[in-house]
*Asks:* 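Have a look at the structure that comes next, please.
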Amino acid sequence: ISEEYISSWTTHKPVTIEAQTGYGKSYFIQNTLYTYLQKHDKKCLYFVPRILLKDQFDLELLDKQDRIKLMTYQQLEAILMKGEKEPTHYDFIVADECHYFTSDSNFNPRTDISFNWIMRQNTSIKIFMSATIKGFIHLLQYVSPVWHSPIRLPQDYSYIDKLTFFTSEEHIEQIANEVIANNKKAIFFLSSVELTYKIYQDHKGHMIFAVSSSNKHFKDMDHTAIERMIGDKKFDTNILITTTVLDSGFTLRDSAIDVILTDIFDPEEIVQCVGRKRVANEQDYIKLYV
């Protein structure tokens, strides 16, 4: 995406970017767009859906927050609901992981608040990005009949070496035992917090555990290990076991991770879970359990 192409974007036509996880959407904002902002004395408001993702981006944007302001969608929603001072004008608004507006609406009744606010910013260029954007496009078509020509990159999931379907909690335990016995690495994404916590308790010495800050088990997390994972983009244990708190945007760069397991049913969320591991090269494969 060139500087010339960015200059052609207008405030009344949203920009959509659909690209597989790890294909450079965030890199574009943090580098190409940042350079454009510097050159033209402009500012950007950058929204993400998860606190841990924001923490990771805070580190990556440490010397760039003069031009790029990071917020979670939930922060904006809380500000608007409390009647507090809204963010001031920004030349660009980036809605990263924009599938948030549709996928999180299953359990979050406030996603329309942040979406409607963004769409009301008539003097800002709006950029919506996701690897799983199709559901969101239906919403955008309903609200905004015109937008810039969509930017789409081809997808390639050939790094999934094997796909296996499992049917019970016993299978999850079995796969966990195999990963630990073989001293491998895996990421488990589970829909039930209680099941996540139970399995973590069973294998505490071999797992790192992550849930949202609003959950009662948040206090049981090893926060030092989580902070280290955010910075290093890898974890030291055999298994990272988590919920959808880490399903979007969060980056892990570790070729030792060769198993991803999820019991989540939504196809878009499965794609997001698979994308948490960034593939290092053509010899870097994973086994996926669904």
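We're numbering straight along the sequence, starting at 1. Every heavy atom of this structure was used, including side-chain atoms; hydrogens, water molecules and symmetry mates were not. Please read all numbers here as calculations on a predicted model, not as lab measurements.
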*Asks:* Quickly, which of Asp284, Thr251, Asp254, Thr21 forms a side-chain hydrogen bond (donor to acceptor under 3.5 Å, both in side chains) with Lys277? Name it, please.
*Replies:* Asp284
*Asks:* Please list all pairs meeting ring pair (Phe, Tyr, Trp, His ring centres under 6.0 Å) that have one or both residues in residues 201-222, counting only residues at least two apart or in different chains.
*Replies:* Tyr197-Phe209, Tyr197-His217, Tyr200-Phe209, Phe218-His223
*Asks:* Angle class for the Trp9/Tyr5 ring planes (parallel below 30°, perpendicular above 60°, tilted otherwise)?
*Replies:* perpendicular
*Asks:* Say you draw a straight line from OH of Tyr289 to CD1 of Ile175; how long is it, rounded to the nearest 0.5 Å?
*Replies:* 5.0 Å
*Asks:* If you count heavy atoms of other groups shown closer than 6.0 angstrom to CD of Glu84, is the number above 12?
*Replies:* yes
*Asks:* Are any of the side-chain nitrogens in Glu60 or Lys233 under 4.0 Å away from the carboxylate oxygens of its partner?
*Replies:* yes
*Asks:* Are Arg67 and Asp41 close enough for a salt bridge, meaning some N to O gap below 4.0 Å?
*Replies:* yes
*Asks:* Is a side-chain donor-acceptor pair under 3.5 Å present for Gln65 with Asp58?
*Replies:* yes
*Asks:* Identify whether NZ of Lys or CZ of Arg in Lys43 sits under 6.0 Å from the centre of the six-membered ring of Tyr90 and within 45° of that ring's axis.
*Replies:* no
*Asks:* Tell me whether Glu268 is salt-bridged to Lys134, with the criterion being a basic N under 4.0 Å from an acidic carboxylate O.
*Replies:* no
*Asks:* Do Thr132 and Gln272 pass the side chain to side chain donor-acceptor pair (under 3.5 Å) test, and can you show the C-alpha distance, the side-chain angles, and the key distance before you say yes or no?
*Replies:* CA-CA 7 Å; Thr132 52; Gln272 289 294 332; 3.0 Å; yes
*Asks:* Roughly how far, to the nearest 0.5 Å, is the CG atom of Asp63 from the OH atom of Tyr34?
*Replies:* 6.5 Å
*Asks:* For residues Tyr73 and Tyr100, establish whether the separation of their ring centroids is below 6.0 Å.
*Replies:* yes
*Asks:* Does one side chain, of Asp258 or Tyr285, offer a donor that lies under 3.5 Å from an acceptor on the other?
*Replies:* no
*Asks:* Please enumerate all residues that pass side chain to side chain contact (heavy atoms under 4.5 Å, CB included) together with Arg152, with sequence neighbours excluded.
*Replies:* Glu18, Pro150
*Asks:* Taking the ring centre of each residue, are Tyr142 and His138 less than 6.0 Å apart?
*Replies:* no
*Asks:* Do Arg50 and Asp104 meet the salt-bridge criterion of a basic N to acidic O distance under 4.0 Å?
*Replies:* yes
*Asks:* Would Lys185 pass as a cation-pi partner of Phe235, given that its NZ or CZ must be under 6.0 Å from the six-membered ring centre and within 45 degrees of the axis?
*Replies:* yes
*Asks:* Indicate yes or no: does Glu178 engage Lys287 in a salt bridge with an N to O separation below 4.0 Å.
*Replies:* no
*Asks:* Can Asp91 and Tyr36 be counted as having a side-chain donor-acceptor contact under 3.5 angstrom?
*Replies:* no
*Asks:* For Trp147 and Gln141, which I'm curious about, is there any donor-acceptor pair between the side chains at under 3.5 Å?
*Replies:* no
